Number of protein chains: 2
Amino acid sequence: MADKVTIADVARVAGVSRQTVSNVLNTPDVVRQETRQRVLDVVGELGYRVNQAARQMRTGRSRLIAIRIDPDRDGINGSVLDRFLHGLTDSAARSGYRVLLYTADDDRSEVATFEDLLGAYEPDGFVLTGTHHQDPRASWLLDKGVPFVTFGRPWGKEAEARHPWVDVDGAAGTAAATRHLLDAGHTRIGFLGWPSPSGVGDDRREGWARTLAEAGIDHTDLGRATSDAVADGEAAAHDLLGSDSGVTALVCVSDSLAVGALHAARSPGLAWRVDARPDLPIAVIGFDDTPVAKAVGLTSLSQPLKEAAASCVTLLARILEGTETARASAASPAPVLLEPSLVVRQSA
Amino acid sequence: MADKVTIADVARVAGVSRQTVSNVLNTPDVVRQETRQRVLDVVGELGYRVNQAARQMRTGRSRLIAIRIDPDRDGINGSVLDRFLHGLTDSAARSGYRVLLYTADDDRSEVATFEDLLGAYEPDGFVLTGTHHQDPRASWLLDKGVPFVTFGRPWGKEAEARHPWVDVDGAAGTAAATRHLLDAGHTRIGFLGWPSPSGVGDDRREGWARTLAEAGIDHTDLGRATSDAVADGEAAAHDLLGSDSGVTALVCVSDSLAVGALHAARSPGLAWRVDARPDLPIAVIGFDDTPVAKAVGLTSLSQPLKEAAASCVTLLARILEGTETARASAASPAPVLLEPSLVVRQSA
DNA sequence: TCCATGGGTTTGAACGTTCAAGACGAAGTA
DNA sequence: TACTTCGTCTTGAACGTTCAAACCCATGGA
């Protein structure tokens, strides 16, 4: 029973032509103040809303931003994307865009989905997450001239400046965490990370290594690398804490590994460590400030996801609102690098 | 540089009319086999994809399903929606639909968003989550004749049969959990829930109460109600375990409360309980099988979110594909009630 | 007086698709 | 033979919007 008010209805009631109504909505400055007001009144009165499909057909702009929603890999980190997505939807709406979801199992099928979407729904732009070395998705979009922003910097060096991106400074985060531990009196501070090469993982490791180096502490053999599962974190932490490295604190690349490390630190087999330094209980810091961290009292680094999402929208909108020429030329907006913040809880 | 292949291009190359191409795609049976094949070949060759905007303008169907993405209230439960959303996007794609996101702070603003979306993007249907008593959203959509499905049954009795819904049987879940505890030898089994009235909360409480009653156990004073936060769960569990109720196990309405209960059960102040029955360590079972549950070894009830999402899409698609008559008449498809499954971990 | 200027408005056309109606030939029926 | 039916295909028109161009009228300068 929806009445379906069209621009022609508004025009008729307001006693003007279709085009004038269109002008009131799109380029108000070319319409006489008096007429403009009259039209706006009628628009409100009839509850007119511009039909996207028709507008899109004429202008080629859908006001749609597409983003992929991941299957939560192994649970814990899932909520990060969730929060980012919420921020994105919110910011996009404020800029007059809506968010369209899609899924894909790997890069190849994601590119196939690009083609599908561009052919059918014609989203104005994409937001890519989880960028990695030699990411074929970015190059494909660049190649086709499709506007996009990545949440995650381009890890391949050469592609660096070729598209806009937003990222969180992982190294700055782990550096802050390491300083926090140094301030608490720890000197032998270990790191639980992911195997290299991993853009995100290497970045986070570097902040820890740099900070220890600055403090004049040799970090040789204080690092471990493993895949991102709680059990792996526990094993690696056991290995590190059980050795004669003297480690009393751990910075971890993720909350998953940190939760594992916490288990290890509290395990009976390592009770002697606690007895050895009762003034310095083993400290653990995670990354991402997931709900799990909150639940188990894990100190962790929180990413400003809302801001990151807002930046993505801002950058994308800037490209989309830019002239065709500006879009074609490679003048992509400056990247945005945000700082995570340390949320201190019981674990450190 | 995208070529933008239209139906006219395909028609020209294949040597037929626009309409024939359209028929090949929409009603293949009216086209001669030979012609059909020729057209399909050209479609593949040129990489033609039907333009949604144009199709939508003509047919009034957008092939878009809208759903709200919540701000994760307080963390732990957030990932439930996340997983549901992924399943929804996946199932929708298989049925030829895409998922459009929106946000809203409360029911009123959500209804306002309905109007906005229906006026502009014209989604074919909505999926509502978090249904509750006297939900104004469902009535508004019913009123306007907009197709929708709710994930969560209608809790107001009278509205019961008026729209299709999908839900997970909370009572069946807590009943299974309670039986699991009974089988393990527990008899004094407590329940940590939310204050009544709460559709979901009352339903889950009922499964516990019923099962105890069936086992001939009086559950008076074995239940507690509190808001959904870890600290609240801990306090309530303390209260219940500390009393002389003899409680040795807890079924909880959510993982948040269960995590709190776990803390309480392990707290030094209650060590005497463990000593009293060393054969029966205090058991805790949560609800939702969140990443937190997995991380802390909490036994929990897992909702079949993928199936739930698939059912939502199926029901919605059935309405949308139905004839106009069927849509107008109140013959809404039968509701779907799915069973959660118990994931057993260390805590019970 | 005539023409150029420019602000404000209107008119036709087009975007790509599908609906409704019709055209055409072959085959069946009276 | 003529009329109907059927399968296959084609032709205008329409969905609601915006672009491009034209129109109208008041103003001002030559």
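In what follows, chains carry the letters A, B, and so on, assigned in the order in which the sequence lines appear, proteins first and then strands, with residues in each chain numbered from 1. All values derive from a computational prediction rather than experimental measurement.
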Can you tell me if the side-chain N/O atoms of [X] get under 4.0 Å from OP1 or OP2 in [N]?
| X | N | result |
| --- | --- | --- |
| Thr6(B) | dG16(C) | no |
| Arg58(A) | dG16(D) | no |
| Arg32(A) | dG8(C) | no |
| Asn26(A) | dT18(D) | yes |
| Ser22(A) | dT18(D) | yes |

What is the separation between atom [atom1] on [X] and atom [atom2] on [N], rounded to the nearest whole Å?
| X | N | atom1 | atom2 | answer |
| --- | --- | --- | --- | --- |
| Asn23(A) | dG8(C) | CG | P | 12 Å |
| Glu122(B) | dT17(D) | CD | C1' | 12 Å |
| Arg61(B) | dT18(C) | CZ | P | 13 Å |
| Ile7(B) | dT10(D) | CD1 | P | 12 Å |
| Gln37(B) | dT8(D) | CD | P | 15 Å |
| Gln33(A) | dT9(C) | CD | P | 11 Å |
| Leu25(B) | dT17(C) | CG | P | 9 Å |
| Glu34(B) | dT8(D) | CD | P | 11 Å |

Is it the case that dG8(C) (base atoms only) and Arg36(A) (side chain only) share a donor and an acceptor within less than 3.5 Å, ignoring hydrogens and angles?
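Between dG8(C) and Arg36(A), which were checked side chain against base, a qualifying N/O pair under 3.5 Å is absent.
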So does Gln19(A) reach the base of dC19(D) with its side chain, donor to acceptor, closer than 3.5 Å?
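It does, because a donor-acceptor pair links the side chain of Gln19(A) to the base of dC19(D) below 3.5 Å.
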For the ring pair (Phe, Tyr, Trp, His ring centres under 6.0 Å) test, which of Trp140(A), Phe148(A), Phe151(A), Phe114(A) pairs with Phe126(A)?
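When Trp140(A), Phe148(A), Phe151(A), Phe114(A) are each tested with Phe126(A), the ring pair (Phe, Tyr, Trp, His ring centres under 6.0 Å) holds only for Phe114(A).
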Considering only side-chain heavy atoms of Ser17(A), which listed nucleotide, dT10(C), dT18(C), dG16(C), is closest?
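So the nucleotide nearest the side chain must be dT10(C).
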Counting only side-chain heavy atoms from C-beta out, which of dT17(C), dT17(D), dC9(D) sits nearest to Tyr48(A)?
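Nearest to the side-chain atoms of Tyr48(A), counting from C-beta on, is dT17(D).
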Before you tell me yes or no, could you show the steps for Asp41(A) and Arg38(A) under salt bridge (Lys or Arg N to Asp or Glu O under 4.0 Å), namely the whole-Å CA-CA distance, both residues' side-chain angles and the distance that decides it to 0.1 Å?
CA-CA 5 Å; Asp41(A) 288 348; Arg38(A) 185 153 37 97; over 6 Å; no
If you draw the axis of the six-membered ring of Tyr97(B), does the NZ or CZ of Arg63(B) fall within 45° of it and under 6.0 Å from the ring centre?
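Relative to the ring axis of Tyr97(B), which defines the angle, Arg63(B) lies inside both limits.
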Chi angles and distances behind the side chain to side chain contact (heavy atoms under 4.5 Å, CB included) call for His132(B), Asp135(B)
CA-CA 6 Å; His132(B) 51 261; Asp135(B) 202 318; 3.6 Å; yes
Contact class for Thr20(B) vs. all strands (heavy atom < 4.0 Å): base, sugar-phosphate, or nothing?
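Base, at least one base atom sits under 4.0 Å.
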Are Leu117(A) and Arg98(B) close enough that some pair of their side-chain heavy atoms sits under 4.5 Å apart?
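Yes, at least one pair of side-chain atoms sits under 4.5 Å.
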